[in-house]
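Notes follow the structure.
Each ligand, and each atom within it, is numbered from 1 in the order the structure gives. Index from 1, following the sequence.
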Amino acid sequence: MASNGNDPKPPVECVLVTGGAGYVGSHTVVKLLEGGYDVVVVDNMSNCTQNEKTSQPESLLRAQALTGRRLTFYGVDINDEAALDAVFKKASFTTHSVDCVLHFAALKSVSESCQIPMTYYRNNVAGTLALVKVMTDNNVKRAVYSSSSTVYGTPQCLPLDEGHPTGQGCTNPYGKSKFMVEEMFKDLCSADKCWRVISLRYFNPVGAHESGRLGEDPLDTPNNLMPYVAQVAVGRRPKLRVYGDDYPTSDGTGVRDYIHIDDLAEGHLRALERMFSAGLDGFRPYNLGTGKGHSVLEVVQAFSEACGKKIPYEIAPRREGDIAASYCDASLAKRDLGWAAKKDLKEMCKFL
Ligand SMILES: NC(=O)c1ccc[n+]([C@@H]2O[C@H](COP(=O)([O-])OP(=O)(O)OC[C@H]3O[C@@H](n4cnc5c(N)ncnc54)[C@H](O)[C@@H]3O)[C@@H](O)[C@H]2O)c1
């Protein structure tokens with residue numbers, strides 16, 4: 001990490017980021033580069049746009065252009081243990097050895113995971129097993145894991161805090177894969193006290209970098225509300241389908257806790273800093289959300305105001321497996337990580 005010459009030696013210098021070319025990963029990479037960390041990215045490019053000339057992920061070229069700093073990129077799949085091991089070894093020869101891994105790499109579509117569950121378990125669960133093996137072989141025992149509010153399943157009470165049961169009512173293979181990986185990390189941390197894992201349970205990440213140069217641009221049909229709304233606004237799709245208007249919420253549409261991508265990325269930096277301080281040992285889950293719920297129609301309204309266009313939508317029947325409302329209690333992250341979301345829904349709708 002960068003030093004002004006007077007600071008004590010920082011504990012983390014080099015961070016390996018799996019899935020760093022993706023939506024959340026690339027925004028976090030920008031923050032890491034800005035923070036002076038050496039960054040090594042591993043991504044198999046299964047869900048990112050490649051630059052036509054260089055074949056590198058476009059997001060990472062932009063992250064470097066935005067920050068004026070370089071990173072090291074490897075087009076490697078985390079399931080490929082030999083290639084992954086070589087990445088850790090090369091890092092120790094060329095820059096600093098890896099101090100910590102930020103683990104974003106995963107497939108993330110709920111609907112796709114129901115169609116090809118084994119692909120999801122192989123990629124998300126077996127991929128994490130391969131990563132943990134290589135990390136252990138290279139004596140790297142610190143990880144920040146991209147988890148999800150889906151681990152809570154159907155909320156038994158709101159707001160969701162970290163003490164809420166997990167794994168019960170996880171209805172789809174994607175959510176189950178996130179839960180299984182958390183369980184694996186829990187067992188690993190209790191078996192080997194040298195391991196520390198911070199599991200960040202994201203609520204609903206939205207928005208884009210303030211430069212407008214980075215954002216969520218899914219290769220296929222968007223699975224999430226905001227990118228879908230954005231595609232309707234620019235005419236790529238005719239209208240939004242709102243699934244259900246008869247939920248027990250203020251306007252009958254589903255309520256979620258949206259979090260700006262910039263706040264989310266910042267949460268990873270706080271986790272990284274605290275990871276090495278005393279006290280945060282073992283497996284630690286934290287909610288990253290604003291703690292406020294917004295309905296689908298509130299989001300549509302805020303987005304219309306931000307872009308100055310009406311967003312056409314139609315009401316469709318509820319989707320199986322969808323829940324009425326989900327929002328978190330984010331006070332634990334504030335207490336332990338010194339992190340709290342700053343941006344509101346209006347800001348989330350800018351630069352999409
Ligand atoms: N975006 C969300 O709404 C959301 C919510 C909760 C949790 N998460 C979690 O956050 C993480 C990042 O999500 P995202 O929205 O940035 O997704 P994304 O698809 O934009 O990014 C994931 C990246 O991982 C890469 N990848 C996938 N499998 C890989 C493998 N086997 N080896 C190497 N690279 C691989 C993809 O190419 C992609 O660049 C995921 O773990 C996801 O489950 C995301």
Side-chain angles (χ1 to χ4, degrees), residues 16-30 40-50 56-60 63 73-81 83-84 87 101-113 116 119-131 134 143-152 160 170 172-182 185 199-209 214-220 222-228 256-261 263-265 267-268 285-289 326 328 348:
L16 186 138
V17 185
T18 74
Y23 173 50
V24 187
S26 61
H27 285 82
T28 307
V29 163
V30 167
V40 177
V41 174
V42 169
D43 197 299
N44 67 0
M45 298 189 270
S46 58
N47 195 29
C48 67
T49 306
Q50 282 173 258
Q56 300 269 312
E58 187 60 43
S59 57
L60 295 181
F73 171 71
Y74 295 97
V76 161
D77 192 300
I78 55 166
N79 280 288
D80 185 344
E81 283 183 24
L84 200 54
V87 169
V101 171
L102 300 192
H103 179 29
F104 297 97
L107 295 172
K108 65 165 181 178
S109 161
V110 168
S111 55
E112 187 185 56
S113 77
I116 47 170
T119 305
Y120 270 68
Y121 291 128
R122 193 175 311 114
N123 197 73
N124 297 1
V125 181
T128 304
L129 281 173
L131 174 68
V134 174
V144 178
Y145 173 57
S146 293
S147 188
S148 165
S149 58
T150 56
V151 300
Y152 293 119
L160 289 157
C170 277
N172 58 78
Y174 166 71
K176 286 182 197 168
S177 76
K178 293 272 122 183
F179 167 69
M180 285 177 190
V181 169
E182 278 206 353
F185 276 133
S199 185
L200 300 178
R201 295 177 177 161
Y202 310 166
F203 276 66
N204 296 75
V206 295
H209 191 262
L214 280 182
E216 189 170 25
D217 189 15
L219 296 181
D220 295 324
N223 297 299
N224 298 333
L225 176 63
M226 282 277 193
Y228 205 105
R256 298 290 178 272
D257 186 338
Y258 296 96
I259 171 170
H260 195 287
I261 188 68
D263 282 329
L264 189 70
H268 291 77
Y286 294 100
N287 288 337
L288 294 188
S326 167
C328 76
M348 294 180 208

Would you say the side chain of [Y] lies within less than 4.5 Å of the side chain of [X], judging by non-hydrogen atoms?
{"X": "L160", "Y": "S326", "answer": "yes"}
{"X": "Y258", "Y": "L225", "answer": "yes"}
{"X": "D257", "Y": "S149", "answer": "no"}
{"X": "C328", "Y": "Y152", "answer": "no"}
{"X": "E112", "Y": "Y174", "answer": "no"}
{"X": "V144", "Y": "L200", "answer": "yes"}
{"X": "Y202", "Y": "K178", "answer": "no"}
{"X": "R201", "Y": "S147", "answer": "yes"}

Numbered atoms and elements of ligand 1 in range of [X], under 4.0 angstrom, heavy atoms:
{"X": "A21", "result": "39 (O)"}
{"X": "S147", "result": "6 (C), 7 (C)"}
{"X": "N224", "result": "3 (O)"}
{"X": "M45", "result": "37 (O)"}
{"X": "S146", "result": "9 (C), 10 (O), 11 (C), 41 (O)"}
{"X": "A106", "result": "22 (C), 24 (O), 27 (C), 28 (N), 40 (C), 41 (O)"}

Contacts satisfying salt bridge (Lys or Arg N to Asp or Glu O under 4.0 Å) that involve residues 18-29 (not counting sequence neighbours) are none
Can you tell me which residue and heavy atom of the protein come closest to [atom], and the distance to 0.1 Å?
{"atom": "atom 20 (O) of ligand 1", "answer": "Y23 N, 2.8 Å"}
{"atom": "atom 11 (C) of ligand 1", "answer": "F104 O, 3.2 Å"}
{"atom": "atom 43 (O) of ligand 1", "answer": "Y174 OH, 2.6 Å"}
{"atom": "atom 21 (O) of ligand 1", "answer": "G22 CA, 3.3 Å"}
{"atom": "atom 26 (N) of ligand 1", "answer": "N44 OD1, 3.4 Å"}
{"atom": "atom 36 (C) of ligand 1", "answer": "D43 OD1, 3.4 Å"}
{"atom": "atom 44 (C) of ligand 1", "answer": "Y202 CD1, 3.8 Å"}
{"atom": "atom 13 (O) of ligand 1", "answer": "V24 CG2, 4.0 Å"}

Name the option, out of R122, M226, K108, R201, that contains the heavy atom nearest to atom 14 (P) of ligand 1.
->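 Nearest option to atom 14 (P) of ligand 1, by heavy atoms: K108.
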Identity of the nearest option to atom 28 (N) of ligand 1, non-hydrogen atoms only, from N123, N79, V206 = N123
Take every heavy atom of [X], measure it against each atom of ligand 1, and state whether any distance is under 4.0 Å.
{"X": "T150", "result": "no"}
{"X": "H103", "result": "no"}
{"X": "G127", "result": "no"}

Could you tell me whether I78 and ligand 1 have an N or O pair separated by under 3.5 Å?
->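 For ligand 1, there is an N or O atom that lies under 3.5 Å from one belonging to I78.
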Check the angle between the aromatic planes of H103 and Y145 and answer parallel, tilted or perpendicular using the 30° and 60° thresholds.
-> tilted
With under 30° as parallel and over 60° as perpendicular, where do the rings of H268 and F104 fit, or are they tilted in between?
->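 Ring orientation, 0 to 90° scale: tilted.
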Qualifying residues under side-chain hydrogen bond (donor to acceptor under 3.5 Å, both in side chains), relative to S109, sequence neighbours excluded =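 For S109, the residues satisfying side-chain hydrogen bond (donor to acceptor under 3.5 Å, both in side chains) (neighbours in sequence not counted) are S111, N223.
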